[in-house]
Amino acid sequence: MNQLMFEGRSLVGIVSSIIRQDDRRVALTRLDWERMYRLSDYHKVANIVYLGLLGYREAVPDKWRDRFFKRYQESLLFGETYEESFKEVLTWLDMREISCTVLTSETVRSFYKIPETAENSSVQIFLDEEKYYLAKGYLIDLGYEVTHTYKGMGERLSQVSKIPITIYRKLPFRTSKYDKNMVRILESAQIKEPYKNIWMLPVESEFLYRMAGAAYRYVTDELTLREVLELMLCHRSWKDQVSQEELWKRLEEFRVDQIAEKILDMAYMWFGDKTDHHFETQPEDMTVYDVLEERLLTRGILNHEKDDQALKLQSLIEKEIEKERKKESSELKREKMGDYLEGVKRKLKWVFPDYHYMSSLYPAVEKIPLLLPVFWISRGIRLFLRSRK
């Protein structure tokens, strides 16, 4: 467990030194580079880590340094094409009158001081059920392939040298509170000029969407360092455009205002610099941040959660997942029962053919329908004797 935390904190240290552009030192020689690569790739910061390794050639085996370099190259190429490919997809959807809402703005890339440290992130698009399948079909026609499925909610599609697209027909949140408040966020979307069918969340709604999503993924142990970093970058850039009072009021309606605030605080502790004035005073109780850090960096392996909101939300999500499992199990049983009954029905039809079939074999049945059972028996005996021979 100590090794897990050491590697997690080392990863934070490397990333923060590049984002802050300071000379923070990390003990690279003590790291298991296979695990560090997998950890940084999971947290979507491998391209940033590569910059932190420059000048430390002896500390990193060639195999893993090359892997980090590959991620860095991908981010460079993506930075050159993402804007045009994003416009291409939106223009293409708009021309086909496929109405959709873009959930996360591409402008976040401009918040990075070093462009190649930005993520090769997918565009998140929400569509209704009918438009969802139209959009998916058109994307596949354009050469996109499904690379990940969010069961019952959506899919991620990718194509070489194009921006990845995540399409949702249902937003990936399970509780009734989230469903209700996410609908309100979607209702705030505005037409994105110059398009006629493309909607975009205003800054305050997008930041609310990001904050509420981060809190949700924290309690499901899916929150990444990249997401935490981008919360800080968005807050730093948008704080003057967003009513802080309204933001925390809306997050309170989600019942995640305390968790979200702690995640944002942690983001500034990790990645903020001296020019930021997020903290008027340093938080008195730092143990709550230790709990958050342990859970986030170990993906829930170390979990000493005490926050009431986090525990309540986690419990609600687990109940919804259990309901889904029971529903799936019930549907599977019904499907098996249906298949069994269909099989019985086919066998009965073979043993006891209908009147029209029997009258074509035995004309007497057509003249005297009451003889149908007699000829069923006669046919059965004849087939039995034939099988014996």
Side-chain angles (χ1 to χ4, degrees), residues 44 47-48 71-148 150 153-169 171-172 185-210 213 226-227 229-231 233-234 236-238 241-242:
K44 301 177 180 162
N47 58 323
I48 302 178
R71 289 289 184 252
Y72 176 73
Q73 276 188 314
E74 288 172 0
S75 67
L76 284 176
L77 293 171
F78 185 78
E80 294 172 0
T81 61
Y82 88 95
E83 195 168 341
E84 284 305 314
S85 61
F86 179 61
K87 287 179 181 177
E88 179 187 358
V89 169
L90 294 187
T91 300
W92 178 81
L93 290 172
D94 192 55
M95 287 174 61
R96 285 155 182 78
E97 298 184 349
I98 298 178
S99 181
C100 63
T101 302
V102 180
L103 300 170
T104 51
S105 169
E106 77 280 14
T107 58
V108 174
R109 288 187 65 88
S110 66
F111 300 159
Y112 288 87
K113 293 178 182 177
I114 305 173
E116 59 266 34
T117 58
E119 184 199 354
N120 305 347
S121 57
S122 65
V123 174
Q124 294 183 32
I125 297 176
F126 178 79
L127 309 103
D128 63 33
E129 194 88 12
E130 180 186 353
K131 301 295 185 183
Y132 175 90
Y133 290 105
L134 276 175
K136 179 184 174 182
Y138 282 132
L139 285 168
I140 288 173
D141 289 343
L142 281 177
Y144 279 83
E145 296 181 355
V146 175
T147 55
H148 188 78
Y150 304 94
M153 298 176 182
E155 291 157 300
R156 177 187 170 106
L157 297 99
S158 301
Q159 184 186 4
V160 176
S161 78
K162 298 285 186 180
I163 190 168
I165 308 290
T166 298
I167 53 175
Y168 291 118
R169 62 182 185 273
L171 291 181
I185 290 177
L186 291 172
E187 288 172 348
S188 70
Q190 302 167 353
I191 283 289
K192 178 179 173 66
E193 298 291 346
Y195 308 106
K196 296 181 179 178
N197 300 286
I198 308 299
W199 299 74
M200 197 88 185
L201 296 181
V203 164
E204 59 272 15
S205 293
E206 180 179 343
F207 190 63
L208 175 63
Y209 174 76
R210 287 175 177 271
R226 176 67 72 172
E227 194 170 353
L229 169 59
E230 293 198 341
L231 274 184
L233 295 175
C234 289
R236 177 193 282 170
S237 301
W238 292 340
Q241 303 174 55
V242 175

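Quick note: numbers below take in every heavy atom, side chains included, and nothing from hydrogens, waters or symmetry partners.
Shown here for A135 and W92, the closest heavy-atom pair between the two residues is O-CH2, 4.0 Å. Of all heavy-atom pairs between L93 and I125, the closest is CD1-CD1, 4.1 Å. Contact detail for S105 and E206: the closest heavy-atom pair is N-OE2, 2.7 Å.
Side chain of D94 to backbone of K196: a donor-acceptor contact under 3.5 angstrom is found. Using a distance-only test at 3.5 Å, with no hydrogens or angles considered, a donor-acceptor pair links the side chain of T147 to the main chain of R156. With hydrogens and angles ignored, the 3.5 Å screen pairs no side-chain donor or acceptor of E119 with any backbone N or O of R226. No donor-acceptor pair closer than 3.5 Å links the side chain of S158 to the backbone N or O of P164. A distance-only check finds a donor-acceptor pair linking the side chain of N47 to the backbone of A118 [under 3.5 Å].
Side chains of R210 and V108 form a contact here, defined as non-hydrogen atoms less than 4.5 Å apart. For the pair I167/Y144, no side-chain contact is recorded, criterion being any heavy-atom separation below 4.5 Å from C-beta on. When side chains are defined from C-beta on, F207 does not count as touching Q241, because their heavy atoms never get closer than 4.5 Å. At least one side-chain heavy atom of T107 sits less than 4.5 Å from a side-chain heavy atom of W238. Side-chain atoms of F111 and E230, non-hydrogen and from C-beta on, never get closer than 4.5 Å to each other.
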Are M200 and L90 close enough, and set up right, to give a side chain to side chain contact (heavy atoms under 4.5 Å, CB included), and what steps lead you there? CA-CA 11 Å; M200 197 88 185; L90 294 187; 5.9 Å; no

Tell me, with the steps shown, if L229 and Y112 meet side chain to side chain contact (heavy atoms under 4.5 Å, CB included). CA-CA 10 Å; L229 169 59; Y112 288 87; 3.9 Å; yes

One pair to check against side chain to side chain contact (heavy atoms under 4.5 Å, CB included): L103 and L186. What are the steps and the verdict? CA-CA 8 Å; L103 300 170; L186 291 172; 3.6 Å; yes

Quick one: do V89 and V123 satisfy side chain to side chain contact (heavy atoms under 4.5 Å, CB included)? Show the steps, please. CA-CA 10 Å; V89 169; V123 174; over 6 Å; no

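One finds the CZ atom of R96 at 12.0 Å from the CG atom of N197 (value rounded to the nearest 0.5 Å). Note: T91 OG1 to E84 CD = 9.0 Å, rounded to the nearest 0.5 Å. Separation of atoms CD (Q159) and OG (S85) is listed at 9.5 Å; rounding is to 0.5 Å. Separating the CH2 atom in W199 from the SG atom in C100 is a distance of 11.0 Å, to the nearest 0.5 Å. Between I198 atom CD1 and I191 atom CD1 the span is 8.0 Å, to the nearest 0.5 Å.
For E130, the CD atom counts as loosely surrounded, since its 6.0 Å shell holds 12 or fewer non-hydrogen atoms of other residues, nucleotides or ligands. Counting heavy atoms of neighbouring residues, nucleotides and ligands inside a 6.0 Å radius, atom CD of E145 does not exceed 12 of them.
Using cut-offs of 30° and 60° on the angle between ring planes, the pair Y168 and Y150 is tilted.
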